[in-house]
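Residues: numbered from 1 along the sequence shown.
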Amino acid sequence: MLTARNKSNKTATLYVVRVAFMAATLTAFKLALSFVPNVEAVTLIICVYGSAMGVAYALPAALIFCTAELAIYGFGSWALLYYVYWSLLAIVSGLLLKGGRIPLAVITSIVGSALFGVLSACCDTLFIVTSLAPSRLGDYWIAYYIRGLYFDVVHIISNAVIMSVLYAPLIAVIKRAAPSAYGRTRAPRLMRRLVFLEYSRECD
């Protein structure tokens, strides 16, 4: 019973610590490149965490990162965009990028960066829906998207370059730093299994 409890507590603690560290690095990388317009490393880091650690780690880390951004910058139209986009990227990377395939990771970053611009225009349009006639919403979305198209292009190109150069090295670093966690996608299920074993021993 004691052994099972210790294993359960150790697994839960290690999981929480890893997720917290991952979320902290996302915030740190975001702040480190915040002075460069539309150049960021969050896409890279989430894809690395998703492919190396799995959805069970990447998704909560992404959600914590979004919450930290909300605490730092306050609420705005971007908040909905962040929660939707970064969570979706964590899920997609955890499901599609297993094995550290660089070409697929680059494609994911390109498609994701393009989608980011589209979703950004959608979120901003939703936030002004009460002040515009329904017939003008489409015009506003098109105007907003075209106005930011230059930044979207910079975002797409920079993420493609960053992913091509740094994705594989960072995957290698995680393999060396946390070999026992590499490739795990079912951390919460493992935790539930340990708790079940502990409960079974207590009932014997």
Side-chain angles (χ1 to χ4, degrees), residues 2-36 39-76 78-100 105 108-109 112-113 116 119 159 162-163 166-199:
L2 183 60
T3 301
R5 178 177 298 167
N6 289 339
K7 287 182 179 180
S8 177
N9 291 338
K10 182 179 179 181
T11 301
T13 301
L14 188 59
Y15 175 72
V16 171
V17 169
R18 282 174 173 165
V19 170
F21 175 79
M22 291 161 65
T25 56
L26 287 172
T27 302
F29 276 100
K30 171 66 165 50
L31 292 174
L33 291 177
S34 60
F35 65 96
V36 185
V39 175
E40 46 87 7
V42 178
T43 297
L44 166 70
I45 303 302
I46 288 182
C47 285
V48 168
Y49 286 152
S51 58
M53 307 290 284
V55 177
Y57 285 92
L59 180 56
L63 292 173
I64 295 172
F65 160 72
C66 294
T67 305
E69 290 292 292
L70 193 63
I72 294 172
Y73 297 105
F75 184 80
W78 59 269
L80 177 60
L81 167 67
Y82 267 41
Y83 277 106
V84 172
Y85 177 75
W86 296 123
S87 299
L88 182 61
L89 182 63
I91 294 171
V92 170
S93 61
L95 297 177
L96 297 183
L97 301 183
K98 296 177 182 179
T108 300
S109 70
S113 299
F116 187 92
L119 290 177
N159 270 339
I162 291 172
M163 191 71 69
L166 296 178
Y167 178 74
L170 288 178
I171 291 291
V173 168
I174 291 181
K175 283 184 178 181
R176 292 196 298 269
S180 62
Y182 178 77
R184 287 186 180 177
T185 59
R186 299 177 180 177
R189 181 175 297 182
L190 175 61
M191 293 164 60
R192 291 196 298 269
R193 177 60 178 169
L194 289 173
V195 171
F196 173 76
L197 290 174
E198 178 183 350
Y199 176 77

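- Interatomic distance, S109 OG to Y167 OH, rounded to the nearest 0.5 Å: 10.5 Å.
- Between P60 and A56, the closest heavy-atom pair is CG-O, 3.1 Å.
- Proximity of a side-chain donor or acceptor of S93 to a complementary backbone N or O of A90 within less than 3.5 Å is detected.
- Using cut-offs of 30° and 60° for the angle between ring planes, the F116 and W86 rings count as tilted.
- Here the straight-line distance linking atom CD1 of I64 with atom OG1 of T27 works out to 9.5 Å at 0.5 Å rounding.
- Every residue two or more places apart in sequence or in another chain that forms a side chain to side chain contact (heavy atoms under 4.5 Å, CB included) with I162 is listed here: V39, L44, L166.
- Atom CG in L70 sits 11.5 Å away from atom CG in L80 (nearest 0.5 Å).
- Rounded to the nearest 0.5 angstrom, N159 CG and E40 CD are separated by 4.5 Å.
- Residues satisfying the side chain to side chain contact (heavy atoms under 4.5 Å, CB included) test with F29, not counting sequence neighbours, are T25, A41, I45.
- Judged by distance alone, the side chain of Y49 and the main-chain N or O of V19 form no donor-acceptor pair under 3.5 Å.
- Looking at heavy atoms from C-beta onward, T108 lies in side-chain contact with L89 at the 4.5 angstrom threshold.
- Between the Y82 side chain and the F65 main chain, no donor and acceptor come within less than 3.5 Å of each other.
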